[in-house]
Amino acid sequence: MKLNRLITVALVLFFAFLMVGESEAQCSMCKAVVESSEEGKSINTGILYIMGIPYVLLFIFFRKRIFGLFRALKAAR
């Protein structure tokens, strides 16, 4: 039962990350940066950097649990 729930959550997260939508700047400073830069490249790089760091840190802190989860899934087969 627990494995079914885990697989369901993993699938939902996987498909949520696949959804990509057009977004506009929310604040006036972000809008000014996007309008002044060429094709918004500088703001996109900054957003990717800010978005990626927490995932890297979480992986570093919880790598034993992550690998333990994969081992448990492999043993459940």
Side-chain angles (χ1 to χ4, degrees):
M1 186 68 170
K2 198 173 194 180
L3 185 61
N4 271 344
R5 183 175 176 158
L6 180 66
I7 291 172
T8 304
V9 169
L11 284 174
V12 167
L13 288 174
F14 175 74
F15 286 114
F17 285 121
L18 287 179
M19 298 172 134
V20 178
E22 215 39 58
S23 63
E24 296 181 18
Q26 299 298 317
C27 66
S28 59
M29 287 185 68
C30 295
K31 187 175 181 179
V33 169
V34 170
E35 289 175 351
S36 67
S37 67
E38 294 179 13
E39 300 177 21
K41 289 183 182 179
S42 62
I43 190 110
N44 289 339
T45 306
I47 289 171
L48 289 175
Y49 178 74
I50 291 170
M51 184 184 74
I53 295 300
Y55 291 112
V56 171
L57 290 175
L58 286 173
F59 177 76
I60 290 170
F61 292 136
F62 295 108
R63 66 183 176 271
K64 289 183 181 179
R65 284 189 170 184
I66 292 169
F67 291 127
L69 174 68
F70 285 124
R71 277 189 227 114
L73 288 174
K74 189 175 181 180
R77 287 184 176 183

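Being a predicted model, the structure only gives us computed values, none of them experimental. Below, each value reflects all heavy atoms present in this structure, side chains not excepted, and no hydrogens, waters or symmetry copies.
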Those residues that, when tested against Ile50, pass side chain to side chain contact (heavy atoms under 4.5 Å, CB included) (two or more places apart):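 Residues passing side chain to side chain contact (heavy atoms under 4.5 Å, CB included) with Ile50: none at all.
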
Of the options Val12, Leu11, Leu13, which is the one that meets Phe15 in a side chain to side chain contact (heavy atoms under 4.5 Å, CB included)?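 Of the listed residues Val12, Leu11, Leu13, the side chain to side chain contact (heavy atoms under 4.5 Å, CB included) partner of Phe15 is Leu11.
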
Supply the atom-to-atom distance Phe14 CZ to Ile7 CD1, rounded to the nearest 0.5 angstrom.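 The CZ atom of Phe14 sits 14.0 Å away from the CD1 atom of Ile7.
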
Going from CZ on Phe62 to CZ on Phe67, what distance comes out if it is rounded to the nearest 0.5 angstrom?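 Going from the CZ atom of Phe62 to the CZ atom of Phe67 covers 14.5 Å.
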
Can you check whether Lys74's main-chain N or O pairs, donor with acceptor, with Arg77's side chain at less than 3.5 Å?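 Checked: no pair found.
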
Could you check Ile66 against Leu58 for side-chain contact (heavy atoms from CB on, under 4.5 Å), going step by step and ending with a plain yes or no? CA-CA 10 Å; Ile66 292 169; Leu58 286 173; over 6 Å; no

